[in-house]
Asks: 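What follows is a single structure, and I will ask about it in a moment.
Within every chain, numbering begins at 1; the chains are lettered A, B, ... in the order of the sequence lines, protein sequences first and strands thereafter.
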Number of protein chains: 2
Amino acid sequence: MTKTKDATSASEASESPPTSGAEMPSEAAQAHRFGKARSAQSTALLEDYVELISDLLGASGEARPTDVARRLGVSHATAIKTISRLKREGLATSRPYRGVFLTEAGTALAERVRLRHRLVVDLLVAVGVPPDSAEADAEGIEHHVSDTALAAFRAFLGRGENS
Amino acid sequence: MTKTKDATSASEASESPPTSGAEMPSEAAQAHRFGKARSAQSTALLEDYVELISDLLGASGEARPTDVARRLGVSHATAIKTISRLKREGLATSRPYRGVFLTEAGTALAERVRLRHRLVVDLLVAVGVPPDSAEADAEGIEHHVSDTALAAFRAFLGRGENS
DNA sequence: CTTAAAGTGTAGCCGTTGCTACATGTTGGT
DNA sequence: ACCAACATGTAGCAACGGCTACACTTTAAG
Ligand SMILES: [Mn+2]
Ligand SMILES: [Mn+2]
Ligand SMILES: [Mn+2]
Ligand SMILES: [Mn+2]
C-alpha cells in the first residue's frame, strides 16, 4: 500500500467545528424518532393488506388472493406469502381455495386504518392538495401519522372526534 | 381427506355482491398508488442517511459511521453497510477511517430532503400538530409527499416557491 | 362429462436491512 | 514507545418482501 500519510497535510489546519448553523437534536431523541419511523414501516404493509381485504369483503363479499395481488400490483405468490403473515399475526384467516377473511382484530385494525386514511386525504385536500395527489400521497403518509396528529387533523377540519 | 363437500350447503344461497358501500378505485389506479408508496419506501432510508450526513458535516465538519449509527439508533455495522449502498448509488464517498462525504448528487439530494423535511414540519404545526409530534411524524411522512403536495403546502403557508 | 382457463399454493432465488461476534486499524494518555 | 480505548470493517445469521417457475385444484365452457 505504501501509505503516503502526508496526503492530509493541506487540509488539517482548520478543523473548526462550525457550530454555526441550525441546532441538531439530541442523539437519543433523534434515534428514537428514526426508530419509530422504522417500526411504522414494518406495519405499513399489514395495514394496507387489512384495509384492502376489508374493502374487497365489503364490496363483493369475498377477498381472493389474486384480487388482492392485482390491487396491490404484486404477484399472487407475494400476496399469498404476506397473507400467511397476516394469519401468523392473528389478523386474518383463510382456508385453501376459499378466500381470505379478517379476524376480530383484523376487522378492528381495518376500521382504524380506513378512518385514518380518509382523515389524511381530507386534510391534504383541505390544505390545497389536488384530490388525486392527495389520494396517492395518503397511501404512504397514513402509516406515519400519530394519534396526536390525527386529533389535530380532526380539530383543523372542524370535526369533533368522530369520522 | 374424505372431502365432505356438502359443508358449503347453508351459505351458498346469498352470494350477493353488496355493491352498496363506497366505490372502490380501479384496479390499475390502486396498483399504481401502492407501487408508488412501495418505491418511496425504498428510497426513504437513503434520504434519511444523506440528510443526516449532511447535518453532521455542517455541524462538526465530519460524519463518522459511528455517529451516523448512534443518531439513527442502529448498530455501526448496519450503518456501514448502508453507507456502502450510498457509495454504490453515487451519493457518498468514504475512505477507511476517514469519515463519510457526500458527492455532488448526494449534496443536492440532502438539500432537497432538508427543505422538504422543514416544509412538512411547518405544515403539520400550521394545522395544529404539537411541534414534538410534528417533528417525529415528519420523519416518516416526508418520504411520501409528492412535489405537487409540497407546492400546495407552500401555498398554504403563504410562501412563494422559496423555502 | 370433459377439458381448458383461472385460481391457488409451494419452492427457490435475490436484495435489503437489521443484528451479533470477531478482527483489524487509529489514536490518545502515560 | 506502548497500550488501552475506541472506531472501523467483515462475516454470518435472520426476517421480510419482492420475483419466477412449477404443480395442483377449482371453476367455467362446450
Ligand atoms: Mn397505505
Ligand atoms: Mn390506505
Ligand atoms: Mn425521514
Ligand atoms: Mn428527515
Asks: Could you tell me how far apart A:I83 (CD1) and D:dG18 (C1') are, to the nearest whole angstrom?
Replies: 15 Å

Asks: Any side-chain N or O of B:S75 under 4.0 Å from OP1/OP2 of C:dG18?
Replies: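 No, because none of the side-chain N or O atoms of B:S75 sits under 4.0 Å from OP1 or OP2 of C:dG18.
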
Asks: To the nearest Å, how far apart are A:L45 CG and C:dT17 P?
Replies: 15 Å

Asks: Once you round it to whole Å, what is the distance between C1' of D:dG18 and OH of A:Y49?
Replies: 10 Å

Asks: Would you tell me if any nitrogen or oxygen in the side chain of A:R98 comes within less than 4.0 Å of OP1 or OP2 on C:dG9?
Replies: no

Asks: Can you check the B:I80 CD1 to D:dG9 P distance for me, whole Å?
Replies: 5 Å

Asks: When you measure only distances, ignoring hydrogens and angles, does the side chain of B:K81 come within 3.5 Å of the base of D:dG12 through a donor and an acceptor?
Replies: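 Per atom types, the contact qualifies.
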
Asks: Rounded to whole angstroms, how far apart are CD on A:Q41 and P on D:dA15?
Replies: 19 Å

Asks: Within this structure, what is the CD-to-C1' distance between A:E89 and D:dG17, rounded to whole angstrom?
Replies: 13 Å

Asks: May I have the distance from B:L72 (atom CG) to C:dC19 (atom P), rounded to whole angstrom?
Replies: 10 Å

Asks: Kindly point out which of C:dG18, D:dC19, C:dG9 is positioned nearest to the side chain of A:V74?
Replies: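 Within the option list, the nearest is D:dC19.
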
Asks: Has the side chain of B:R71 got a donor or acceptor atom that lies under 3.5 Å from a matching backbone atom of A:P25?
Replies: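 Answer holds: yes.
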
Asks: Under 4.5 Å between side-chain heavy atoms, hopping through other hydrophobics if needed: is there a path connecting A:L157 to B:L124?
Replies: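 Same cluster: A:L157 reaches B:L124 through Ile, Leu, Val, Met, Phe, Trp or Tyr contacts under 4.5 Å.
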
Asks: Taking only side-chain nitrogens and oxygens of A:R85, does any of them come within less than 4.0 Å of OP1 or OP2 of D:dG17?
Replies: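 Looking at the OP1 and OP2 atoms of D:dG17, one of them is under 4.0 Å from a side-chain N or O of A:R85.
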
Asks: 5'-most contact on DNA chain C: B:R88 or B:G73, nearest heavy atom basis?
Replies: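 It is B:R88, whose closest nucleotide lies nearer the 5' terminus.
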
Asks: Does the side chain of A:T78 get closer than 4.0 angstrom to OP1 or OP2 of D:dG17 through an N or O atom?
Replies: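 No, outside the criterion.
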
Asks: Decide, yes or no, whether a salt bridge links B:R33 with A:E139 under the criterion of side-chain N to carboxylate O below 4.0 Å.
Replies: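 So B:R33 does not pair with A:E139 through a salt bridge.
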
Asks: Ignoring hydrogens and geometry, is there a side-chain-to-backbone donor-acceptor pair from A:S54 to A:V50 under 3.5 Å?
Replies: no

Asks: Calculate the interatomic distance between B:H143 atom NE2 and C:dT17 atom P; express it in whole Å.
Replies: 12 Å

Asks: Taking 4.0 Å as the cut-off, does a side-chain nitrogen or oxygen of A:T66 come that near to OP1 or OP2 on C:dA6?
Replies: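 So the side chain of A:T66 is outside the cut-off, no N or O lying under 4.0 Å from OP1 or OP2 of C:dA6.
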
Asks: A:A77 has a side chain; which of C:dG7, D:dT20, C:dC19 sits nearest to it?
Replies: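 In terms of side-chain proximity for A:A77, the closest of C:dG7, D:dT20, C:dC19 is D:dT20.
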
Asks: I'd like to know if the side chain of B:S133 and the backbone of A:A149 have a donor-acceptor N/O pair within less than 3.5 Å.
Replies: no

Asks: For the base of C:dG7, is there a side-chain donor-acceptor partner from A:H76 under 3.5 Å away?
Replies: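 For A:H76, whose side chain was compared with the base of C:dG7, there is no donor-acceptor pair (under 3.5 Å).
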
